[in-house]
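Worksheet for the structure shown next.
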Amino acid sequence: MTTDVVTADKASSLETVAEQQLRHDVGSVIITTDGEPYGIITETDIVHAAYKSARALADISAQAVASHPLTTVDPDRSIRFVVKRMQDERIKKVVVVDSLEVVGIITTQDLIDHYGLLTSELKDVTQQHRQRRKFMH
């Protein structure tokens with residue numbers, strides 16, 4: 001899970017959201033209303049909105065573009081649950097919320113990175129185990 005989540009109010013313009021994405025080098029921004037999670041805007045959402053509306057990003061509200069309602073999970077949910085939810089809802093990002101407070105976001109890239117780390121750790125443990133067995137025999 002990524003804990004540095006970028007947010008913007010739903011009254012923000014799409015230009016502001018795009019600036020936030022670029023400034024923080026993130027692919028999505030969580031849209032809030034009164035500080036509570038409302039929706040999400042991804043890079044793809046911005047491109048689609050700009051193309052379809054033919055309007056300046058400054059003239060498009062975040063609320064008009066945000067995917068809403070937001071798909072969320074509690075922080076104590078398992079990775080298996082999160083993956084199943086992503087598959088079922090055909091989404092690439094799930095926001096982790098604890099008592100209506102955004103605490104993180106899990107993306108497909110996070111899952112890929114995590115899988116690679118686990119695989120590497122398992123290889124190391126397996127090699128160490130084999131070496132110990134050779135030494136004992």
Handout entry: Minimum heavy-atom distance Ala58-Glu15, with the two atoms named
Key =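 Looking at all heavy atoms of both residues, the shortest contact is CB-OE1, 3.4 Å.
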
Exercise for the section: Return the minimal non-hydrogen interatomic distance between Glu43 and Val26, and the atom names on each side. Expected result: OE2-O, 4.0 Å

Between [atom1] of [X] and [atom2] of [Y], what distance do you get to the nearest 0.5 Å?
| X | Y | atom1 | atom2 | result |
| --- | --- | --- | --- | --- |
| His24 | Thr7 | NE2 | OG1 | 8.5 Å |
| Thr32 | Tyr38 | OG1 | OH | 11.0 Å |
| Ile41 | Thr16 | CD1 | OG1 | 10.0 Å |
| Ser13 | Arg55 | OG | CZ | 11.0 Å |
| Ser28 | Gln21 | OG | CD | 7.0 Å |
| Lys93 | Ile40 | NZ | CD1 | 6.0 Å |

Practice task
Measure from the side-chain N and O atoms of Ser53 to the backbone N and O of Ala49, and report whether any donor-acceptor pair falls under 3.5 Å.
Solution key: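 Side chain of Ser53 to backbone of Ala49, a donor-acceptor pair under 3.5 Å: yes, one is there.
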
Practice task
Check whether any side-chain N or O of Asp9 sits under 3.5 Å from a backbone N or O of Ala11 as a donor-acceptor pair, and report yes or no.
Solution key: yes

Taking the side chain as every heavy atom from C-beta outward, state whether [X] and [Y] have any atom pair closer than 4.5 Å.
| X | Y | result |
| --- | --- | --- |
| Val95 | Thr71 | no |
| Val65 | His48 | no |
| Val73 | Arg85 | yes |
| Thr107 | Lys92 | no |
| Thr108 | Met86 | yes |
| Val17 | Leu57 | no |
| Ser67 | Asp45 | yes |

Taking everything shown except [X] itself, do over 12 heavy atoms lie less than 6.0 Å from its [atom1]?
| X | atom1 | value |
| --- | --- | --- |
| Asp25 | CG | no |
| Arg80 | CZ | no |
| Asp59 | CG | yes |
| Glu89 | CD | yes |
| Asp34 | CG | no |

Practice task
Given side chain to side chain contact (heavy atoms under 4.5 Å, CB included), test Gln109 with Ile112 step by step and report yes or no.
Solution key: CA-CA 5 Å; Gln109 187 62 50; Ile112 291 166; 4.1 Å; yes

Is there a continuous path of hydrophobic side-chain contacts, each under 4.5 Å between heavy atoms, that joins [X] to [Y]?
| X | Y | value |
| --- | --- | --- |
| Met1 | Ile105 | no |
| Ile30 | Val97 | yes |
| Ile79 | Ile91 | yes |
| Val6 | Val103 | no |
| Ile106 | Val83 | yes |

Problem - Any donor-acceptor N or O pair under 3.5 Å, side chains Asp110, Thr2 - result: yes

Practice task
Taking side chain to side chain donor-acceptor pair (under 3.5 Å) as the test, write out the residues that go with Arg77, two or more places apart.
Solution key: none

